[in-house]
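The structure appears below as structure tokens.
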Amino acid sequence: MPAIQPRTLKGFRDFPPALALVRERMVDVARAVYRSYGFAPIDTPALELAEVLLAKLDPGAEIARQLYRFVDNGGRDVALRFDLTVPLARFAAMHVQDLGVPFKRYHIGPVWRGENTQAGRYREFLQCDFDTIGTTSSAADIEVALVIHDLLVALGFERFTVRVSDRHVLAGIVEVLGVGDRTGGVLRSVDKLAKQGPDAVHAELVDVVGLTSGQAADVLDAASSDLDAVVERFGASDRVAGGAARLRELLEVAAAVGIPDGRLAVDLSISRGLDYYTGTVYETFLADLPTIGSVCSGGRYDDLAGLYTNQSLPGVGASLGLDRLLAAMEELGMLGAETTGAPVLFVRFPGVALADLHGLAADVRRSGVGAEVYPDVKKVGAQLQLAERRGARVAVLAGPAELATGVVKVKDLASRTEAAVPRSALVSEVRRVMGG
RNA sequence: GUGGCUAUAGCUCAGUCUGGUUAGAGCGUCGGCUUGUGGUGCCGAAGGUCGCGGGUUCGAUCCCCGUUAGCCACCCCA
């Protein structure tokens, strides 16, 4: 009986190779997509002064209660970051003068929130943020939508929808209806439309937000109609017209770039619960697993760093919820059994010097393909079985018999076929098998 | 944070409602048939504090309470 029961904290998880390999690959993909659009990486500390993290939050904000916060050994009130946007605000306030605007950065790192767990909701999870700050141009908003789309495609998804809206549209409508002071409540309620249905939202608009039944019906009607219908009815409002124009431009560009129909859709009902979004908002849902929630969300904010600097820093960006996406892929059976970093395994035989095997393996590695030498001299079958279970693609059999005649056997683990080739042809044969 | 459901072998689950001798299955794992070739077959083996703690009882995996974790709804959000 061990003295201490090994376990992880609620909402925290281990990543065995099958998950960690996929996760690392996803991070690589995200990095590549972000860089292809000109975003540059930054990094910031996991731990910040609590006052810095709390500066932008309302005193009663839900997220403030979810903070992992403690007094450090120097008596400082500190907390783990709960997102990457607030650290960006602090970072920007300290460094924009050196970097210049517009400033485009991506930031991949873990964040912590002490909230209740659920499928795809953890207390420690990886966020992959990208933002453009220092410009109000809709070109930046459009770019965010394109990046989200490219990101999901690069990660291997086809059936997804990036839902886009502009808060000015619904907010403008609410103003026209004469209840502009209730905008926040209206947006929060309407945001639940997809999940709870029109009846529940209507009830909430009336009972909680305090609209008349007619106003609630108008809001719901607008939220579920398309852009043209809304403009026709409420276009006299500059605010509505302006938001609609930006959304139309976004759709035009998306179409011109060749984004397929359905991948990007205007949905006026989405508005995001977060108060600091002021314009365009984005949410991304998987068609095959919508219940896991948005896997990539974001929006435009007027002033990122107002509490830390006098310089006005508007911006727009989004965050890929990589761990949530990973959970979705796990549930959708998209994960393979691969648990090894090297696709080529050299079988160990009695009577073969390690120097010879490692020499051959080094040749394979130099060609850019990972290779490992099995450490133990065991039955060949057992070695092959382990190789396949780990997800290796190729086994190399170089035993005394082969080496005596100057050949090696290269075995395709999937098809279970093998070919004997001269030692000098090892690398080309390995590449041939892996290419096929 | 609020409410609900669940917890049995590495995995997926029976069994518990009607407490009672050694808690089962499939798959997986390991060994042998086959001391240099893994998907099938046959033989054999290992592996379970029935999440944890307490209570009721002659006796608890089963009933009760607590706790931890997972899941679901709300809240919020990636």
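Proteins come first, then strands; the chains are lettered A, B, ... in the order of their sequence lines, and each starts at number 1.
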Exercise for review: Using the side chain to side chain contact (heavy atoms under 4.5 Å, CB included) rule, take A:F15 and A:D323 through it: C-alpha gap first, then chi angles, then the decisive distance, then the call.
Suggested key: CA-CA 11 Å; A:F15 290 85; A:D323 283 317; 3.7 Å; yes
**Study point:** CA sep, side-chain torsions, deciding dist, call: A:R69, A:L54, side chain to side chain contact (heavy atoms under 4.5 Å, CB included)
**Key:** CA-CA 11 Å; A:R69 184 179 184 181; A:L54 292 167; 3.5 Å; yes
Practice item. Go through the steps for A:T278 and A:D302 under the test side-chain hydrogen bond (donor to acceptor under 3.5 Å, both in side chains), then give the verdict. Key: CA-CA 6 Å; A:T278 53; A:D302 278 340; 3.2 Å; yes
Practice item. Apply the test salt bridge (Lys or Arg N to Asp or Glu O under 4.0 Å) to residues A:R416 and A:E388: give CA-CA distance (whole Å), side-chain angles for both, the deciding distance (0.1 Å), then the verdict. Key: CA-CA 10 Å; A:R416 302 189 168 217; A:E388 187 178 43; 3.5 Å; yes
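Within the 4.0 angstrom heavy-atom criterion, base atoms lie near A:G399. Contact annotation for A:I63: no contact, since no heavy-atom pair falls under 4.0 Å across all strands. Counting non-hydrogen atoms under 4.0 angstrom, A:P400 reaches a base of the nucleic acid. Among the atoms of the strands shown, none is found under 4.0 Å from any heavy atom of A:I292.
Partners of A:L47 according to the side-chain contact (heavy atoms from CB on, under 4.5 Å) rule, which considers only residues two or more places apart in sequence or in another chain, are A:F70, A:V78, A:L80. Taking the side-chain contact (heavy atoms from CB on, under 4.5 Å) definition, one finds that A:D28 meets it with A:R31, sequence neighbours left out. By the side-chain contact (heavy atoms from CB on, under 4.5 Å) test, A:A414 pairs with A:D412, sequence neighbours left out. In terms of the side-chain contact (heavy atoms from CB on, under 4.5 Å) criterion, residue partners of A:K379 (sequence neighbours excluded) are, by chain and number, A:A382. Judged as a salt bridge (charged side-chain N to carboxylate O under 4.0 Å, His left out), and not counting sequence neighbours, A:D43 has no contacts. The side-chain hydrogen bond (donor to acceptor under 3.5 Å, both in side chains) test applied to A:Y106 returns A:R35, not counting sequence neighbours.
An aromatic stack links A:F125 and the base of B:rA78, using centre distance under 5.5 Å and interplanar angle under 30°.
Rounding to whole angstrom units, CD of residue A:Q127 and P of B:rC76 are separated by 18 Å. For the pair A:F285 CZ and B:rA78 C1', the interatomic distance rounds to 11 Å; values are reported in whole Å. The interatomic distance linking A:L187 (CG) with B:rC77 (P) rounds to 13 Å, in whole Å. Rounded to an integer number of Å, the gap from CG of A:D191 to P of B:rC76 is 9 Å. Spacing between atom CD of A:E330 and atom P of B:rA78 amounts to 21 Å, rounded to whole angstrom units. Remark: P of B:rG39 and NZ of A:K411 are 10 Å apart, rounded to the nearest angstrom. When rounded to the nearest whole Å, the span between CG of A:L320 and P of B:rA78 equals 12 Å. Between A:L357 atom CG and B:rG36 atom P the separation is 15 Å, expressed in whole Å.
Using a 4.0 Å cut-off on heavy atoms, the residues of residues 416-425 of chain A that approach RNA chain B are A:R416, A:E418, listed by number.
Taking CD1 from A:I108 and CG from A:L322, the interatomic distance works out to 8.0 Å, rounded to the nearest 0.5 Å. A:L177 CG to A:Q215 CD: the interatomic distance, rounded to the nearest 0.5 Å, is 6.0 Å. One distance of note links CG of A:L325 with CD1 of A:I292; it measures 8.5 Å at 0.5 Å rounding. Residue A:F285 holds its CZ atom at 5.0 Å from CZ of A:R163, rounded to the nearest 0.5 Å.
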Quick one: which protein N/O atoms are closer than 3.5 Å to N/O atoms of nucleotides 67-75 of chain B? Pair and distance per line, please.
from   : atom 1 : to     : atom 2 : distance (Å)
B:rG70 : OP1    : A:G11  : N      : 2.9
B:rG70 : OP2    : A:T117 : OG1    : 3.4
B:rC72 : OP2    : A:A119 : N      : 2.7
B:rA73 : OP2    : A:Q118 : OE1    : 3.3
B:rA73 : N7     : A:Q118 : NE2    : 3.4
B:rC74 : OP2    : A:K195 : NZ     : 3.3
B:rC75 : OP1    : A:K192 : NZ     : 2.9
B:rC75 : OP2    : A:Q196 : NE2    : 3.4
B:rC75 : N4     : A:R121 : NH1    : 2.5

Pairwise N/O distances under 3.5 Å, protein to nucleotides 27-33 of chain B:
none

Pull out every protein N or O sitting under 3.5 Å from an N or O of nucleotides 6-8 of chain B, one pair per line with the distance.
none

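For the residue pair A:S137 / A:T135, no side-chain donor-acceptor distance below 3.5 Å is found, with atom types taken as modelled. Using a 3.5 Å distance cut-off with no hydrogens or angles, the side chains of A:S189 and A:E204 do pair a donor with an acceptor.
Taking the six-membered ring for Trp and thresholds of 30 and 60 degrees, A:Y277 and A:Y301 have ring planes inclined between 30 and 60 degrees apart.
Taking atom C1' on both B:rC58 and B:rG53, the two are 23 Å apart, rounded to the nearest angstrom. The separation of B:rU12 from B:rU56, taken at their C1' atoms, amounts to 34 Å, rounded to a whole angstrom. Taking atom C1' in both B:rG47 and B:rC30, one finds a spacing of 10 Å when rounded to whole Å.
Judged by closest nucleotide on RNA chain B, A:E402 is the one of A:D83 and A:E402 placed further toward the 5' end. Sequence order on RNA chain B of the closest nucleotides to A:A414 and A:A398 puts A:A398 first from the 5' end.
Consecutive Watson-Crick or G-U pairs involving RNA chain B, each under 3.5 Å on both distances, make up stems of three or more pairs at B:1-7 with B:68-74, B:10-13 with B:24-27, B:29-33 with B:41-45, B:51-55 with B:63-67.
Not a single donor-acceptor contact under 3.5 angstrom links the side-chain atoms of A:Q383 to the base of B:rG36. With hydrogens and angles ignored, a donor-acceptor pair under 3.5 angstrom links the side chain of A:R324 to the base of B:rC77.
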Do any side-chain atoms of residues 146-156 of chain A form donor-acceptor pairs under 3.5 angstrom with protein atoms, and if so which ones, sequence neighbours left out?
from   : atom 1 : to     : atom 2 : distance (Å)
A:H149 : NE2    : A:R263 : NH1    : 2.9
A:D150 : OD2    : A:Y37  : OH     : 2.6

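The side chain of A:L413 sits closest to B:rG38 out of B:rG38, B:rA78, B:rG36.
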